[in-house]
Asker: 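Please read through the structure below; I'll follow up with questions.
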Amino acid sequence: MQQDLANRIEVTKGDITRLKVDAIVNAANTSLLGGGGVDGAIHRAAGPGLVEECRKLQGCPTGHAKITGGYNLPAKHVIHAVGPVWHGGHHNEGALLAGCYKNSLKLAVENHLKTIAFPAISTGVYAFPLERAARIAVREVQDFLRQNDSIEKVIFVTFGEDTYRTYQKVLAEA
Ligand code: APR
């Protein structure tokens, strides 16, 4: 991978709600009204203002994303991306997951954001196979950053050793 590109993509371990970046991406559901996993953690850390704003957005289709304020989070914004549920791989899951990354990055550029952090979208409750999801995430982010130099840093925040190792491996092979 080109050095410049490599410098703009990072993998870390930890809790995405702690990151002081322009936007953290939430692995949301189509209602945008909260849930478990990282969605639950983000809403808990942001406080009630977040779901109040989400209520006005009237949901979000799978593969797409919407942006809100960050409220009590250290991040300025939350980009709510709705990943696909894994149904075996023959229901356009790969393209829908790719759309989450593309559309989140597009929103970041439209809102003049420079730093954005992603969780491993769809690899928890939605059961998308981890390595396959990581490959899609890394490919989409690399392709986007090659075309858009306004984004300075993309951080993949992994929650658990297995996810961390998988992202490191996929990035090293990219
Ligand atoms: N910080 C970073 N990553 C986290 C955190 C956190 N605080 N909490 C969980 N994760 C990780 C999970 O370990 C997993 O790797 O986020 C990844 C995505 O898992 P989920 O949160 O289960 O999201 P997903 O698989 O996309 O399922 C979305 O779950 O919570 C509901 O409302 C949500 O219906 C939606 C569904």
Side-chain angles (χ1 to χ4, degrees), residues 1-14 16 19 21-30 32 37-39 42 59-68 75-160 162-174:
M1 190 179 3
Q2 294 160 288
Q3 202 39 47
D4 158 62
L5 198 55
N7 294 337
R8 294 163 69 199
I9 300 175
E10 220 177 272
V11 183
T12 61
K13 265 188 247 183
I16 200 167
L19 283 196
V21 287
D22 289 343
I24 58 171
V25 176
N26 182 18
N29 59 58
T30 54
L32 297 185
V38 70
D39 195 3
I42 288 174
C60 180
T62 300
H64 290 268
K66 291 191 177 178
I67 191 167
T68 64
K76 292 191 194 110
H77 295 276
V78 180
I79 292 176
H80 305 263
V82 182
V85 178
W86 180 256
H87 289 299
H90 307 290
H91 297 75
N92 210 25
E93 293 99 322
L96 288 167
L97 184 61
C100 288
Y101 289 93
K102 260 191 275 241
N103 290 317
S104 296
L105 288 162
K106 264 194 221 153
L107 275 174
V109 169
E110 285 162 14
N111 288 273
H112 312 293
L113 308 184
K114 304 251 177 272
T115 55
I116 178 170
F118 286 96
I121 301 171
S122 281
T123 66
V125 165
Y126 282 2
F128 203 111
L130 176 57
E131 184 160 339
R132 191 188 284 238
R135 287 192 192 291
I136 290 168
V138 167
R139 185 195 65 217
E140 289 305 320
V141 165
Q142 287 181 330
D143 289 353
F144 191 92
L145 291 186
R146 284 191 190 99
Q147 314 293 327
N148 295 269
D149 53 13
S150 66
I151 300 272
E152 286 171 5
K153 179 76 87 173
V154 173
I155 303 169
F156 290 116
V157 184
T158 60
F159 204 64
D162 187 26
T163 307
Y164 178 69
R165 273 204 308 272
T166 302
Y167 269 79
Q168 290 278 45
K169 172 175 167 271
V170 166
L171 209 53
E173 290 164 0

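We use all heavy atoms of the structure for the numbers below, so side chains are in, but hydrogens, waters and symmetry mates are not. Here the structure is a predicted model, which is why all the values come from computation and not from measurement.
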Asker: Do you know which two heavy atoms are closest between Thr166 and Ala134, and how far apart they sit?
Answerer: CG2-CB, 4.1 Å
Asker: Between Glu152 and Arg8, does the salt bridge (charged side-chain N to carboxylate O under 4.0 Å, His left out) criterion hold? Intermediate values first, please.
Answerer: CA-CA 6 Å; Glu152 286 171 5; Arg8 294 163 69 199; over 6 Å; no
Asker: Closest heavy-atom contact between Ala65 and Cys60?
Answerer: N-SG, 3.6 Å
Asker: Of all residues at least two apart in sequence or in a different chain, which pass the salt bridge (charged side-chain N to carboxylate O under 4.0 Å, His left out) check with Lys76?
Answerer: Asp22
Asker: Is there side-chain contact between Val138 and Phe156, with at least one heavy-atom pair below 4.5 Å?
Answerer: yes
Asker: Sub-3.5 Å donor-acceptor pair from the side chain of Thr158 to the main-chain atoms of Thr12, do we have one?
Answerer: yes
Asker: Is the backbone of Val170 close enough, under 3.5 Å, to the side chain of Arg135 for a donor and an acceptor to pair up by distance?
Answerer: no
Asker: Would you indicate whether the side-chain heavy atoms of Leu32 and Asn29 approach each other to under 4.5 Å?
Answerer: no
Asker: With side chains defined as the heavy atoms from C-beta onward, is the minimum distance between His77 and Leu113 less than 4.5 Å?
Answerer: yes
Asker: Could you tabulate the donor-acceptor pairs under 3.5 Å formed by side-chain atoms of residues 120-127, not counting sequence neighbours?
Answerer:
| residue | atom | partner | partner atom | Å |
| --- | --- | --- | --- | --- |
| Ser122 | OG | Pro84 | O | 2.8 |
| Thr123 | OG1 | Ala120 | O | 2.7 |

Asker: Can you tell me how far apart CD (Glu110) and CG (Leu105) are? Round to the nearest 0.5 Å.
Answerer: 11.0 Å
Asker: Rounded to the nearest 0.5 Å, how far apart are CD of Glu131 and CD of Glu173?
Answerer: 6.5 Å
Asker: Can you tell me if Ser150 and His112 form a side-chain donor-acceptor pair at under 3.5 Å?
Answerer: no
Asker: Rounded to the nearest 0.5 Å, how far does CD1 of Ile9 lie from CG of Asp4?
Answerer: 9.5 Å
Asker: Check Phe128 against Ala133 and note the closest heavy-atom contact, atom names and distance.
Answerer: CD2-CB, 3.6 Å
Asker: Do Lys153 and Glu10 have side chains that approach each other closer than 4.5 Å (heavy atoms only, starting at C-beta)?
Answerer: yes
Asker: Taking all non-hydrogen atoms of both residues into account, name the closest pair between Ile151 and Val154 and its distance.
Answerer: CG2-CG2, 3.9 Å
Asker: Report yes if the side chains of Lys13 and Phe159 come closer than 4.5 Å at any heavy-atom pair, otherwise no.
Answerer: no
Asker: Any non-hydrogen side-chain atom of Val38 less than 4.5 Å from a side-chain atom of Ile42?
Answerer: yes
Asker: Is any side-chain heavy atom of His80 closer than 4.5 Å to one of Ile67?
Answerer: no
Asker: Give a yes or no answer on whether the side chain of Lys169 reaches the backbone of Tyr164 with a donor-acceptor pair at less than 3.5 Å.
Answerer: no
Asker: Can you measure from CD1 (Ile155) to CZ (Phe118) and round to the nearest 0.5 angstrom?
Answerer: 11.0 Å
Asker: Give me the one residue out of Val157, Val25, Ile24 that meets side chain to side chain contact (heavy atoms under 4.5 Å, CB included) with Pro119.
Answerer: Val25
Asker: Please round to the nearest 0.5 Å and tell me the distance separating atom CG of Leu19 and atom CD1 of Ile116.
Answerer: 11.5 Å
Asker: Return each pair, listed once, that meets side chain to side chain donor-acceptor pair (under 3.5 Å) where at least one residue sits in residues 88-100; pairs must be two or more places apart or across chains.
Answerer: none
Asker: With side chain to side chain contact (heavy atoms under 4.5 Å, CB included) as the criterion, how do Tyr101 and Arg139 come out once you've worked through the C-alpha distance, each side chain's angles and the decisive distance to 0.1 Å?
Answerer: CA-CA 10 Å; Tyr101 289 93; Arg139 185 195 65 217; over 6 Å; no
Asker: State the NZ-CD1 distance between Lys66 and Ile79, to the nearest 0.5 angstrom.
Answerer: 13.5 Å
